[in-house]
Structure formats: C-alpha cells, structure tokens
Protein chains: 2
Amino acid sequence: MTRGRRATMTSTTQQARRRTPLSRERVLRAAVDLADTAGIDALTVRRLAESLGVEAMSLYYHVPNKEAILDGIVDLVFTEIEGEVGGFQVPETDAAWHDALRVRILGARRVMLRHPWAPALLDSRTGLAPTTARYVDSVVGTLRSGGLSYDLIHHAMHALGSRMFGFSQELGEDDDSGDADLAQLAAMVPHLAAMLAVVRHDDPDSTLGWCDDQYEFEFGLDLILDGLARKRALEAQADAATSTAGTAAEDPRD
Amino acid sequence: MTRGRRATMTSTTQQARRRTPLSRERVLRAAVDLADTAGIDALTVRRLAESLGVEAMSLYYHVPNKEAILDGIVDLVFTEIEGEVGGFQVPETDAAWHDALRVRILGARRVMLRHPWAPALLDSRTGLAPTTARYVDSVVGTLRSGGLSYDLIHHAMHALGSRMFGFSQELGEDDDSGDADLAQLAAMVPHLAAMLAVVRHDDPDSTLGWCDDQYEFEFGLDLILDGLARKRALEAQADAATSTAGTAAEDPRD
DNA sequence: ACCTGAACACCGTTCAAGT
DNA sequence: ACCTGAACACCGTTCAAGT
C-alpha cells in the first residue's frame, strides 16, 4: 500500500470517524449500535473498537472493562425508555394508577423490542444502574400513588418480576416445528401437543412452543395488575374498618 | 518427573477416575458437579475435561460441542425435578389442580435452588430438551385436569413464564447497601428508598433491591394461580349458560 | 491526555494422528 | 472405538511505550 493510498483512506473513512474524539458516551452508543446490528455475541471489545476505527486497547482509557460497557448499554436502554414514556415523574396520588403503570410498562416494552438483546442482558446484570434505578423508582411511585402500602408494593415488585421492564422470558421456539411430526410429538408430550393443535388452529401463525406476542404479554400483565388491584381494595377495606371511631387518618397506607 | 512418580500418580488419582470409560452421561454429570462447585463460568470445556482426568479434545468424542453440554445439563436438572416430584404423570381430572400445580412448581423450585446456575442457563437455551418438554407437558396436563380450555391454558403458560419452573428472575442486590447512604439513595430514588425503609424495618435481614425468598415467590405464584382459577370459573359459567337446553356436553372445555 | 503494540492467559474447535 | 497433540482463530486484559 503506497503512502498516497493510505493518505486517501485516512482522509475519508478513518479520519472522519475520529474527528470527534472517543468518549465513554461514544463508546456506549457504538456498543448499542453493534448489538442492534450484529447481535450481542458480536459485541466484543475488539469488534467494538473496530467499529469506532480505533485499536481495542483505546477503549480501556474510557471504560474500565467489558462489564462496565454492558452495564452502560443497559442504562442507555433505560434512558431511551425515559424518553419513550415522557419522563419518570409520578403524581402524588392517582386513582388511575393501574392504567398509568400499564402504559409505562408497555412503553418500556416497545423499547425492549427495539433492542432484542436487552432483556437477557438486563437479567444478567447484578446491581441497578442509575437510570434503571430511577425507572424502578417510578414504578414504586406509581403503585404508591394508587394508595398501596409499601408492604404490598414490595410484594408487587416481586410478582411483576421482569414483566415490570416490559418483557417476560420465553423459551425459544421448537425448531422441529414441522407439521408432520406433530403425531410424533404427541407421543412424548401429549398434553402439550393437544394444546398446540388447538392454539395453532386458532392462530396458524403461532409458533410451536412459546411465543412472546403482545397479547400474551398483556394477558399476564393484566392478570397480575388485577390481582394487585383486588388486594389494594382489601387493604382499603381493612383501613376503613380500623378507623371507624374518628376522622380519617393522615395517611391510611401502611 | 521420573517414571516411577508418574506410575504412582497414575495408579491412584488418574487411573481410578478413568477406570469407568468416558460417556455422554459421565461428561454431563461432571459438568453439573463443576457448575455446582465452581460456578457456571468455570464450566469450560478444558476445565471440565481436567475434572474428568482427560484431555479437552476427548470430550468431543462423546458430545458434539459445548452447546450440547449446556442443553444436556439443563435436561439433567429436569430429570432431578422428575425425581423430586415423584414423576410427571397427571390424573385425567382433578378438582385440586390448583394445589397439584402449586406443589409441582414448588418441587421444581427446590431443585433449582440446588443448582443456582440453572435458571439463567434455562433462560438462555432455545428449544426444549426432552425432559424439559415432559415437565412442561405435565404442567399443561395439570391445568387440563382442572378443566381449563386449551386457550386459557396457553395464556396461563405465558402468564406463568419462568415461574412455572420454580424461579423468577431477580435483579441482584445493590452492593452499596450500607445503612448510612440511605439518605443519599433517597435523593435519587425517593419512592424506592421509602419502600426499602419500610420493608427493612419489617424484616431487617432483607437486602436492598430485590430478593428471591420463598415468600415472595409464593406470593407471585398464588397471584397468578388465583387469577387463573377465577378465569376458569368464568369459563365454567359460560359453558353452563350455553348448554342450558340439554344434557351435559361430552367435554365442555374449549 | 489520549491512543497503541506486543504480549499473556485464556477460550471453543479442527484435524490428523496415535493406540 | 476411543483418546490425544498441535494448531487455529478467537477472547479480555496488562503494561510499557509512544505522541
């Protein structure tokens, strides 16, 4: 390669990319892009550096290690959620808390669907990144605005699990989902095969095994939210019964 | 190392281990042991081979690749569950389906708690290994024994999600869980901090963030099972209304 | 202050070769 | 039939060195 060719190359691709210097911010954005484009397995330190037109070791100046990159892109996803749902603020009290929470979670879900690698990655992280923590905080706040006790809220957070982030983990589709071997399948797993036959009849597009379509997500979410609303009503009853004697307590919750 | 020493070593450790020849079975059992003992990250092909007193490449004679090992140990876990719950058979009809399912799932949970790496690994697998499929089949069968329609069962499977295997994914505990910085925490995530203060007051042993204790798991499980029971009752009502005219239908379900 | 080259200790996997 | 040695193409990360 002659000196002239190298100069040409430098002035176009490489140099253009490096006009803006590297930064934590730019590294993380590139990491999200790479994961979106090529999958989370393709997100290696070396390939990430390449996508930034830089040597692998340069990244370590801006980021301590790969774990920090993974934590960082999870937090970026939650920043995107914050934009999607119009911020994380919650009203003091809200009779429509049930709907508000539903809308917030479905907003988070839309973002998760844009970044298919995010759910598994989020599950694997230990510890809450700052924006993730503020999202969780807004869920607690929304439940509180509906008048639930902190105790019930605590249970609610566990009951929701990953569903509060807009996804539920799914088993992959069975790849041997040819139509012919349904008989063979029935021999090993008769009940499952029978269910699939019915479900498939109703919806020919559904895949064998599990699927994570919007309807199923909302069914499960509503099952939990409705159960929580019922328990909240029970709490309200109990409060009313306790305070028969005098005026309304300052805060009947917890 | 002299010839004599090598001979001694061979007659004790190495040889004893290799008296029984390698097999898929033995490889998988060793893999579970290694994951249990040293963590799932320590489960590399090379270390696994070492634990069997064999060269890494020898494993490839019994198993096609690492993915197959991971699929295999997940299936081994479900074989263990099968033993734990006394088999996967289900009665034709069962008025106590609710309890039966609960007991089965809590049995699965006990096994999962013995193999802390299993939940994350199961989540990462695509496709159902044979024993896993039979477990899922038994869950479908139990719901069917309770008279739920296949449609409702399908929704139920999605609603349960990983909870049907006895776990729900959790965020790791916040490591900055010192008591002092709760004020600092309150500034960033006020609602979360308030909830934790109450929950912690009630149960000083609880950790910051999420925790996966038995109570919370059962709370969430029961919330879903109760919701399903309610929906099943609605289906029964609808069936009764439809068949006002004549005798009982052969199978009122679906 | 920011980036790099060479090197280290690991991975999973192949392929031809040993017994 | 079963196991191995050497090699390949990758990882993440260190450390001293360049500008």
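Chain naming here is simple, since letters A, B, ... match the order of the sequence lines and numbering starts at 1 in each.
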J.: Go through His155(B) and Tyr215(A) one step at a time and tell me if the ring pair (Phe, Tyr, Trp, His ring centres under 6.0 Å) criterion holds.
T.: CA-CA 9 Å; His155(B) 301 325; Tyr215(A) 181 87; 5.2 Å; yes
J.: Which nucleotide in the set dG12(D), dC3(C), dG5(C) lies at the smallest distance from any side-chain heavy atom of Glu55(A)?
T.: dG5(C)
J.: Can the ring centres of Phe217(A) and Phe167(A) be said to be less than 6.0 Å apart?
T.: no
J.: Can you tell me the distance, in whole Å, between the CG atom of Asn65(B) and the P atom of dC11(C)?
T.: 17 Å
J.: Does a side chain donor of either His62(B) or Glu25(B) reach within less than 3.5 Å of an acceptor in the other side chain?
T.: no
J.: Over how many whole Å does the gap from Lys66(A) atom NZ to dC10(C) atom P extend?
T.: 18 Å
J.: Is Tyr60(A) close enough to dT13(D) that one of its side-chain N or O atoms is under 4.0 Å from OP1 or OP2 there?
T.: yes
J.: In whole Å, I'd like the distance from the CG atom of Asp41(B) to the C1' atom of dG12(D).
T.: 13 Å
J.: Any side-chain N or O of Tyr61(B) under 4.0 Å from OP1/OP2 of dC3(D)?
T.: no
J.: Quickly work out the Leu48(B) CG to dC3(D) C1' distance and round it to whole Å.
T.: 15 Å
J.: For a quick test of reading the model: is some side-chain N or O of His62(B) closer than 4.0 Å to OP1 or OP2 of dA1(D)?
T.: no
J.: Taking the side chain of Arg46(B) as its heavy atoms from C-beta onward, which of dT13(C), dA6(C), dC3(D) lies nearest to it?
T.: dT13(C)
J.: Assess whether a salt bridge exists between Glu50(B) and Arg46(B), defined as any Lys/Arg side-chain N lying under 4.0 Å from an Asp/Glu carboxylate O.
T.: no
J.: If you check the Met57(B) side chain, which of dA6(D), dC3(D), dT13(D) turns out closest?
T.: dA6(D)
J.: Whether Arg47(A) contacts dC10(D) is assessed here as follows: a side-chain N or O lying under 4.0 Å from the phosphate OP1 or OP2. Is that the case?
T.: no
J.: Mapping Ser23(A) and Glu67(B) to their closest nucleotides on DNA chain C, which lands nearer the 5' end?
T.: Ser23(A)
